[in-house]
Amino acid sequence: MGHVRNYTIGDVLARFMRMQGLNVLQPMGWDAFGLPAENAAIANGVPPARWTRENIAYMKRQLQALGFALDWGRELATCDPQYYRWNQWLFLRMLERGIAYKKTGVVNWDPVDQTVLANEQVIDGRGWRTGALIEKREIPMYYLRITAYAEELLAALDGLTDWPERVRTMQANWIGRSEGCEVVFPYSDDTIATLGATAASAAGALSVFTTRADTLFGVTFAAISAEHPLAQAAASRDPQLLDFVEECRRGSTMEAAVATMEKRGMRTGLHVRHPLTGEPIEVWVANYVLMSYGSGAVMGVPAHDERDFEFAHRHGIALRTVIRPSGAEWDEVGPEWQGLYAEAGVTVNSGEFSGLSSAEAVTAICRALEQRGLGQPRVQWRLRDWGISRQRYWGCPIPLIHCPSCGEVPVPDAQLPVRLPEDLVPDGSGNPLAKSEAFLHCACPRCGQNARRETDTMDTFVDSSWYFLRFACTDQDSRPVDERAAYWLPVDQYIGGIEHAILHLLYSRFWTRVMRDMQLISLDEPFRRLLTQGMVLNQIYYRQAATGRPVYFNPADVETRVDGTGKRIGAVLVSDGLPVEHGGLGTMSKSKNNGVDPQSLVQKYGADTARLFVMFASPPEQTLEWSDEGVQGQFRFLRRLWKAVYDHVHAGPKPEPLTSAVLSGLGEAAADLRRQAHQTVVRVTDDIARRRVFNTAIAAVMELLNAVGRFEVPGAGARAVRQEALELAVLCLSPMVPHICHELWFALGHERALIEEPWPRPDPAALVQPTVELVVQVNGKLRGRVQVSALADEAAARAAALADPDVRRFVGNVEPRRVIYVPGKLVNIVV
RNA sequence: GCGAAAGUGGCGGAAUUGGUAGACGCGCUGGCCUUAGGAGCCAGUGGGGCAACCCGUAAGAGUUCGAGUCUCUUCUUUCGCACCA
């Protein structure tokens with residue numbers, strides 16, 4: 001249903017824009033590689049290719065049944081060699097430019113299946129199939145240098161004014177620019193002696209990054225990640241520390257898991273020297289320090305950092321107050337952590353740097369470090385380079401060949417694509433490509449010797465990072481994109497789930513820039529306007545089985561029980577009439593058995609009802625709660641609309657168009673209906689074009705139809721007004737309800753199909769309102785309403801308000817202290 | 001843990017720029033029609049009160065003539081956290 005919602009929003013906008021006279025391209029493609037196909041293959045023993053193509057065929061029928069105005073001539077699937085050859089081609093160009101490079105990365109390793117697992121396949125630190133404790137393992141991988149674009153990706157967010165604010169904020173925080181200071185803590189003599197001639201000792205110093213150089217004199221320990229070379233060196237001499245470092249290797253690589261873990265640490269026995277005081281500082285290994293951020297080491301300031309405070313508390317490490325608040329709310333950091341301790345203030349106990357504001361101290365200390373050669377100002381990014389290697393089968397092969405003599409050799413362009421064999425069936429025990437002799441063996445393109453193909457495939461985010469460009473020229477077979485991209489791109493309206501707010505959208509922004517720098521396209525940003533749609537939710541019902549595992553029931557098979565006021569009091573399974581438990585609302589999923597098949601919905605109510613419901617139930621950016629009654633409500637509305645049109649049509653011949661003579665003779669009721677009809681056009685146009693909300697647009701048409709139902713004035717003029725109101729209702733609804741509106745448009749006596757009609761323009765004369773109702777407040781409380789001329793000035797409005805008997809009761813005989821007049825809205829009398 | 005949002009009747013939601021809280025729809029109650037209703041039509045429906053009125057937008061404070069809307073604190077829920085896509 002998430003897809004139905006996504007594409008209905010897109011289709012409504014496409015049809016609306018087309019009626020506005022724009023040339024609209026609405027394409028469709030299939031993001032077809034990835035884990036779900038492999039999982040299905042493991043479960044059913046069928047090659048992922050077959051499962052994928054069957055799914056595409058099924059979904060395509062669904063999308064066609066829903067009447068989406070898609071250009072199927074541009075259909076593409078990311079698992080087609082015609083598409084992924086360009087992933088490979090672009091990857092090779094990135095390799096040439098140094099955008100793609102190789103380094104080691106940490107992955108989840110299942111020691112039983114001897115395979116790399118995705119984060120999703122790690123449940124509570126254990127492998128999903130084996131239940132074995134997962135370990136971190138370092139393997140060589142290919143990375144894309146997205147950090148080289150960090151500055152630009154951040155700065156350009158300001159220009160994305162038609163993106164939701166929250167997405168821009170999330171991306172900015174994700175890129176995470178922080179200005180601070182690199183601080184170098186030289187190793188103590190005893191540490192250098194202990195390390196001997198190792199790689200770690202060659203570094204000679206521990207480098208850390210901090211945004212709080214003003215707290216440097218409060219450093220009482222240093223903490224390094226278990227993967228830090230210094231930790232490795234120390235562990236090789238200390239069996240207990242080695243155990244701890246090994247223990248830190250257990251568990252998944254997920255940052256959320258690392259961050260919520262109990263903070264633990266162990267002494268290394270090594271020391272560094274404070275860069276300004278020379279004081280020895282003990283080095284600890286801590287499980288909360290991430291090797292992937294900064295240098296994998298932090299300075300510990302327990303008095304002014306919450307995590308350091310907690311860590312020091314647990315391990316009996318001393319604490320030194322070096323910042324006091326300027327307002328003197330507290331003096332010394334106490335035994336209980338308070339958020340205030342981390343705030344900026346005035347330095348104390350900091351030698352010659354005491355008495356400075358935090359900001360001054362940051363600058364002064366940084367400068368002092370720089371003079372001693374023990375530090376410098378630095379900008380640190382949270383963003384890391386994008387690791388694209390996957391040790392999996394169902395993805396785009398990385399086009400490299402490993403030759404015993406030449407080393408790593410790129411596949412020549414003429415040999416692209418490196419085709420993925422489509423007949424393999426994964427079994428969960430590693431990448432089947434690595435076991436396929438036919439795939440593996442090849443000749444080295446340089447020396448012709450026997451060589452081995454790279455078996456890693458690309459992250460599926462690669463596939464989705466540029467597909468939108470390809471839609472402009474799916475038939476182009478000598479380049480990934482051609483000049484037609486300049487006409488269609490950037491995407492004027494992109495629609496996607498909020499779950500894509502960071503990764504997919506950031507990767508696409510990056511990839512677009514890389515292609516720009518290769519002179520393949522000439523745009524910076526891929527998506528001009530972004531709509532992030534909310535999730536589709538449904539009720540969850542279950543019973544606790546004897547095994548203790550819940551058994552889920554589809555909400556369609558469950559009947560809810562309500563009391564006399566309509567309040568829910570329980571639910572029973574229709575088949576046996578016995579109660580089921582309610583598990584709240586959740587996203588539609590197989591595991592919770594709360595999905596709704598769009599196909600059955602279309603069969604029962606038709607495509608228009610399905611489309612109307614998903615657009616009416618909530619605004620596009622919010623979650624949408626599935627409701628069978630709600631669907632029936634929309635079905636009912638469409639039938640009422642149908643009946644209203646045909647009742648009108650059967651009551652007489654098609655009226656002549658409204659002439660000025662007819663208009664001037666209209667009674668008040670007819671003028672009111674006409675005003676409402678044209679106001680509906682104004683509201684619907686604004687809702688779709690500017691606000692991108694559809695539920696209120698539909699509500700406006702419902703109100704108009706209710707008004708038509710109440711309108712019982714006889715006569716030719718009134719009949720013409722009713723005809724006009726029904727025509728406008730049908731036009732306004734047509735982007736949401738294309739099929740029924742198409743039919744009703746002919747019924748209303750038109751010869752040309754509705755799809756060829758332009759979007760209606762409201763008649764300014766119809767909108768004119770002779771009088772307006774003003775709300776009258778006394779001291780901010782609603783006390784009355786008065787009708788005044790739409791042209792009334794403040795004095796007239798004030799007089800009318802004070803003349804109202806209800807208002808007079810509250811004002812009494814006192815002279816108002818103040819009167820606030822909001823034209824056309826209200827008068828507030830302050831007494 | 002960090003980052004981002006959201007919280008309004010029995011339910012989904014409306015209130016667009018600080019200006020009438022509850023549009024529209026669902027559900028429910030009563031009535032009409034019908035052999036029948038998972039059909040249609042009419043009326044009612046935030047809470048309290050005979051009424052005048054009073055209370056009411058997660059909780060608490062603040063700014064303002066006026067706060068669902070702005071500010072702060074707290075609580076709850078949802079999304080993301082780099083190998084689900």
Side-chain angles (χ1 to χ4, degrees), chain A residues 31 33-36 39 105 107-108 116-122 164-167 169-170 172-174 176 252-261 263 288 292 306-307 382-392 459-461 463-464 497-504 506-507 532 534-535 537 560 562-568 584-585 587 616-619 621-625 627-634 636-637 639-640 643 683 686-687 690-691 693 695-696 698-703 706 773-777 779-782 785 809 817-820 822 825-826 828-830:
Chain A
D31 189 15
F33 276 139
L35 214 50
N39 291 343
V107 294
N108 302 307
V116 176
L117 295 185
N119 282 335
E120 194 188 53
Q121 297 170 314
V122 179
E165 188 63 44
R166 60 171 165 163
V167 174
T169 310
M170 280 194 262
N173 290 336
W174 183 264
S252 89
T253 57
M254 282 169 76
E255 196 179 311
V258 174
T260 48
M261 219 162 38
K263 285 172 196 50
Y288 68 88
S292 49
E306 186 169 7
R307 283 196 311 184
R382 210 187 75 96
L383 183 68
R384 311 199 292 260
D385 277 341
W386 173 17
I388 58 154
S389 295
R390 297 291 179 272
Q391 297 68 45
R392 265 185 272 285
D459 180 4
T460 54
F461 275 126
D463 308 326
S464 56
I498 182 65
E499 70 275 17
H500 292 298
I502 294 170
L503 292 180
H504 164 60
L506 192 61
Y507 290 148
T532 49
M535 301 276 172
L537 312 179
T560 53
V562 297
D563 66 10
T565 67
K567 201 184 279 188
R568 293 173 47 105
L585 278 171
T587 51
F616 180 72
S618 61
E621 309 227 303
Q622 284 178 34
T623 56
L624 182 150
E625 196 179 311
S627 152
D628 265 328
E629 292 82 8
V631 175
Q632 283 170 37
Q634 299 313 300
R636 218 151 35 215
F637 167 69
R639 278 201 319 217
R640 262 189 19 242
K643 191 170 178 297
R683 280 170 67 184
D686 187 51
D687 279 353
R690 183 179 61 86
R691 299 177 65 207
V693 287
N695 55 332
T696 47
I698 295 165
V701 180
M702 286 173 167
E703 284 181 69
N706 290 343
E773 186 185 77
L774 288 184
V775 163
V776 186
Q777 296 180 336
N779 292 333
K781 280 185 186 287
L782 174 67
R785 294 156 206 274
R809 275 198 303 128
R817 278 223 323 260
R818 197 173 154 191
V819 176
I820 290 126
V822 183
K825 286 230 166 96
L826 67 68
N828 186 13
I829 299 159
V830 185

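Chain identifiers are assigned alphabetically (A, B, ...) following the order of the sequence lines, protein sequences preceding nucleic acid strands; residue numbering begins at 1 within each chain.
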[atom1] atom, [N] versus [M]: distance in rounded Å?
N      : M      : atom1 : value
B:rA82 : B:rU74 : C1'   : 32 Å
B:rU77 : B:rC70 : P     : 23 Å
B:rC79 : B:rG10 : C1'   : 28 Å
B:rA36 : B:rA51 : C1'   : 45 Å
B:rG66 : B:rA52 : P     : 26 Å
B:rC55 : B:rA67 : P     : 12 Å
B:rG7  : B:rU69 : P     : 10 Å
B:rG27 : B:rG18 : C1'   : 34 Å

### Query
Where each residue is assigned the nucleotide of RNA chain B containing its nearest heavy atom, which of A:R691 and A:V822 is assigned the position nearer the 5′ end?
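Taking each residue's closest nucleotide, the earlier one in sequence belongs to A:R691.
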Pick base, sugar-phosphate or nothing for [X], based on heavy-atom distances below 4.0 Å to the nucleic acid.
X      : result
A:M261 : nothing
A:I820 : base
A:V775 : base
A:W386 : nothing
A:F461 : base
A:R307 : nothing
A:G534 : nothing
A:V693 : nothing
A:A256 : base

Flag, side chain of [X] to backbone of [Y], donor-acceptor distance under 3.5 Å:
X      : Y      : answer
A:N108 : A:S252 : no
A:D463 : A:D31  : no
A:S618 : A:T623 : yes

### Task
Compare every heavy atom of A:V167 with every heavy atom of A:A501, then report the nearest pair and how far apart it is.
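Looks like O-CG1, 3.6 Å.
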### Query
In whole Å, what is the span from the CD atom of A:Q622 to the P atom of B:rU8?
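Distance, rounded to whole Å: 10 Å.
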### A:N779 CG - B:rU20 C1' separation (whole Å)
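After rounding, the gap between these two atoms is 17 Å.
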Considering only heavy atoms from C-beta outward, does the side chain of [X] approach that of [Y] to under 4.5 Å?
X      : Y      : result
A:T532 : A:R166 : yes
A:R683 : A:T696 : no
A:F616 : A:F637 : no
A:Q634 : A:M702 : yes
A:W174 : A:L503 : yes
A:R640 : A:N706 : yes
A:L383 : A:L506 : yes

To the side chain of [X], which of [options] is closest?
X      : options                : answer
A:R639 : B:rG40, B:rC81, B:rA4  : B:rG40
A:E773 : B:rA85, B:rU20, B:rC65 : B:rU20
A:E625 : B:rG66, B:rU16, B:rG12 : B:rG12
A:L383 : B:rC84, B:rA82, B:rA14 : B:rA82
A:E120 : B:rG13, B:rA4, B:rC84  : B:rC84

For nucleotides 21-27 of chain B, print each protein N/O atom paired with a nucleotide N/O atom at under 3.5 Å, atom names and distance only.
| residue | atom | partner | partner atom | Å |
| --- | --- | --- | --- | --- |
| B:rA23 | O2' | A:E703 | OE1 | 3.3 |
| B:rA23 | O2' | A:E703 | OE2 | 3.1 |
| B:rG25 | OP1 | A:N706 | ND2 | 3.4 |
| B:rC26 | OP1 | A:R636 | NE | 3.3 |
| B:rC26 | OP1 | A:R636 | NH2 | 2.7 |
| B:rG27 | OP2 | A:R636 | NH2 | 3.2 |

Look for any protein N or O under 3.5 Å of an N or O in nucleotides 52-54 of chain B and output each such pair with its distance, or none.
| residue | atom | partner | partner atom | Å |
| --- | --- | --- | --- | --- |
| B:rC53 | OP1 | A:R809 | NH2 | 2.3 |
| B:rC54 | OP1 | A:R783 | NH2 | 3.1 |
| B:rC54 | OP2 | A:R783 | NH1 | 3.2 |

### Helical stems, RNA chain B - three or more consecutive Watson-Crick or G-U wobble pairs below 3.5 Å
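So the stems come out as B:1-7 with B:75-81, B:10-12 with B:24-26, B:27-32 with B:40-45, B:46-48 with B:53-55, B:58-62 with B:70-74.
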### Query
Where does B:rG9 land, syn or anti, given syn is within 90° of 0?
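With its glycosidic angle within 90° of zero, B:rG9 counts as syn.
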Listing time: all N or O pairs from protein to nucleotides 43-48 of chain B that are below 3.5 Å?
none

### Message
Set out, in order, the CA-CA distance, both residues' side-chain angles and the distance that settles side-chain contact (heavy atoms from CB on, under 4.5 Å) for A:M170 and A:I498, then state yes or no.
### Response
CA-CA 11 Å; A:M170 280 194 262; A:I498 182 65; 4.1 Å; yes
### Message
For the residue pair A:N779 / A:R817, report whether a side-chain donor-acceptor contact shorter than 3.5 Å exists.
### Response
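No, no side-chain donor-acceptor contact under 3.5 Å.
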### Task
Indicate whether OP1 or OP2 belonging to B:rC65 is found under 4.0 Å from a side-chain N or O atom of A:R818.
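Affirmative; the distance criterion is met.
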### Task
Tell me whether the OP1 or OP2 atom of B:rA4 has a side-chain N or O from A:N173 closer than 4.0 Å.
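Result: yes.
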### Query
Passes side-chain contact (heavy atoms from CB on, under 4.5 Å), A:Q121 versus A:L35? Steps please.
CA-CA 10 Å; A:Q121 297 170 314; A:L35 214 50; 3.8 Å; yes
Enumerate all atom pairs, one protein N or O and one N or O from nucleotides 71-79 of chain B, separated by less than 3.5 Å.
none

### Query
Taking only residues two or more places apart in sequence, or in another chain, which ones meet A:K643 in a side chain to side chain donor-acceptor pair (under 3.5 Å)?
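Only A:D647 meet the side chain to side chain donor-acceptor pair (under 3.5 Å) criterion with A:K643.
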### Message
Could you check whether A:D686 pairs with A:R690 (Lys NZ or Arg NE/NH1/NH2 to Asp/Glu carboxylate O, under 4.0 Å)?
### Response
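Answer for the salt bridge query: yes.
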### Message
Applying side-chain contact (heavy atoms from CB on, under 4.5 Å) to A:L774 and A:L826, what does each step give before you reach the verdict?
### Response
CA-CA 5 Å; A:L774 288 184; A:L826 67 68; 5.8 Å; no
